[in-house]
J.: 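Here it is, the structure, as structure tokens.
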2 protein chains.
Amino acid sequence: MPLYTASSLKAELNSKGWRLTPQRETILHVFQNLPRGNHLSAEELYNVLHKRGEQISLSTIYRTVKLMARMGILRELELAEGHKHYELNHPYPHHHHHLVCVQCNRTIEFRNDTILKQGVKQVDKMGLELIDCQLTIHTICPEALRRGWPAMLPSNWACSRAIAQTEELEEDLSEN
Amino acid sequence: MPLYTASSLKAELNSKGWRLTPQRETILHVFQNLPRGNHLSAEELYNVLHKRGEQISLSTIYRTVKLMARMGILRELELAEGHKHYELNHPYPHHHHHLVCVQCNRTIEFRNDTILKQGVKQVDKMGLELIDCQLTIHTICPEALRRGWPAMLPSNWACSRAIAQTEELEEDLSEN
DNA sequence: TTAAGTGCAAAAGTTTTGCACCAAG
DNA sequence: CTTGGTGCAAAACTTTTGCACTTAA
């Protein structure tokens, strides 16, 4: 059971005065059939479509993914590669976050329900609605380290301190 | 007491074979004197510097902020405005996250120690080091709503479901 | 001294837009 | 029919790079 069928997508669009077009339907299908963990840039989506023989222009792709991201259907990911990536905005049990190597841009997904809960709590507190909520962790992956990127983070780095102090905090609260 | 002095910055740089230049020092100063909650794009930083009479080229600015972000001194923010913003990467008690309106790009900062703790836990589990950890929440702000952006999110949206299910989960765990 | 950094101008990319035509509701 | 959507080509931007010249260590 996909998150959206053509008709539920149509209903969503029409309710805002927008239209369901074959292009939009096709693009949604691509994302729905994308193996979990994959995400596409506009250009990649364009290529996937062309391989399938679908002729959708790059402009339309850009317009569509942006619209769908604003609707909450797609998630816009900034994985530090100079362009945005998109993926289906999966509901709770499949919601996930990303870890990115600042050196080589390698990306790893992870799930963490506590974070989603905190996001929900935050918007609730402000009376807003959640469209998306993503934690991005920047790190240096083992490969990059091996290739010579700073063997150690400096001792007085903001984030080193953050770690130290947070660990203390964690002990104090003796949580989980 | 700033996070970095010229000499601690120099030490950090030198330890990796890099150099402290007047440009790098000046750029760090700008960020250290930026009122909390502000962040600058490369272009904005360029303008700030020029108003002060500092002649630093855009290329150098791009090179410097990227270097400092990879070192963990600055944080690279993607606030959906088509270009990156930078701010000092503050340690724990001042660490914060962002809430962004998908419609008007208005940004609101918030603090949440639980999220930072989860980020630390995640990298620890994988044996990595944390450089930055930022939750970005996408939402529609009240102003945008008032200006006519979808009065309600659709009932079957991924994120609506995420909220519902997470709230149940929250009750189940009866946490905090 | 010598390897790294800077500035400039040009290049490379991604994303947006104007406009004429097409099509969904 | 009317208004929104698409495709194309051009434009707009942000970010990166090659290269000659400086300069920190």
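Bear in mind that the values here come from a model prediction, so they are computed numbers and not experimental data. Per chain, numbering begins at 1; letters A, B, ... match sequence-line order.
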J.: Produce a footprint string for nucleotides 17-25 of chain C: one letter per nucleotide, 5' end first; B if the base is under 4.0 Å from any protein heavy atom, S if only the sugar-phosphate is, - if neither.
T.: BB----BBS
J.: Within this structure, what is the CD1-to-P distance between A:Ile27 and D:dT6, rounded to whole angstrom?
T.: 8 Å
J.: Out of the candidates B:Glu76, B:His85, B:Arg75, B:Glu87, only one should pair with B:His39 under the side-chain hydrogen bond (donor to acceptor under 3.5 Å, both in side chains) rule; please name it.
T.: B:His85
J.: Just how far, in rounded Å, is P of C:dG13 from NE2 of A:His83?
T.: 12 Å
J.: Take B:Glu12 and B:Asn14 through the test side-chain hydrogen bond (donor to acceptor under 3.5 Å, both in side chains) and record every step on the way to the result.
T.: CA-CA 6 Å; B:Glu12 289 315 331; B:Asn14 291 352; over 6 Å; no
J.: Take B:His29 and B:Glu25 through the side-chain hydrogen bond (donor to acceptor under 3.5 Å, both in side chains) test and state the conclusion after the steps.
T.: CA-CA 6 Å; B:His29 273 93; B:Glu25 205 177 327; 4.8 Å; no
J.: What closest approach, in Å, do B:Leu45 and B:Val65 show between heavy atoms, and which atom pair accounts for it?
T.: CD2-CG1, 4.0 Å
J.: Using every non-hydrogen atom in the two residues, find where A:Cys141 and A:Cys101 come nearest and quote the distance to one decimal.
T.: N-SG, 3.4 Å
J.: Could you tell me the separation between the CG atom of A:Leu9 and the P atom of D:dG5, rounded to a whole number of Å?
T.: 12 Å
J.: What is the distance, rounded to the nearest whole Å, between atom CD of A:Glu44 and atom C1' of C:dT15?
T.: 15 Å
J.: Can you measure A:Leu77 atom CG to C:dT14 atom P for me and round it to whole angstrom units?
T.: 17 Å
J.: Heavy-atom nearest nucleotide on DNA chain D for A:Tyr46 versus B:Ser41: which residue maps closer to 5'?
T.: A:Tyr46
J.: In terms of the nearest nucleotide of DNA chain D, which residue is placed more toward the 5' end: A:Gln55 or B:Tyr86?
T.: A:Gln55
J.: Whole Å only: how far is the NZ atom of B:Lys66 from the C1' atom of C:dT6?
T.: 18 Å
J.: Can you spot which of B:Leu135, B:Ile137, B:Leu116 makes a side-chain contact (heavy atoms from CB on, under 4.5 Å) with A:Leu135?
T.: B:Leu135
J.: What is the separation between atom NZ on A:Lys84 and atom P on D:dT15, rounded to the nearest whole Å?
T.: 10 Å
J.: Would you kindly compare B:Leu58 and B:Gly17 by the position of their nearest DNA chain C nucleotide and give the one closer to the 5′ end?
T.: B:Gly17
J.: Between the main-chain N or O of B:His94 and the side-chain N or O of B:His96, is there a donor-acceptor pair closer than 3.5 Å?
T.: yes
J.: Can you tell me the distance, in whole Å, between the OH atom of A:Tyr62 and the C1' atom of D:dC13?
T.: 12 Å
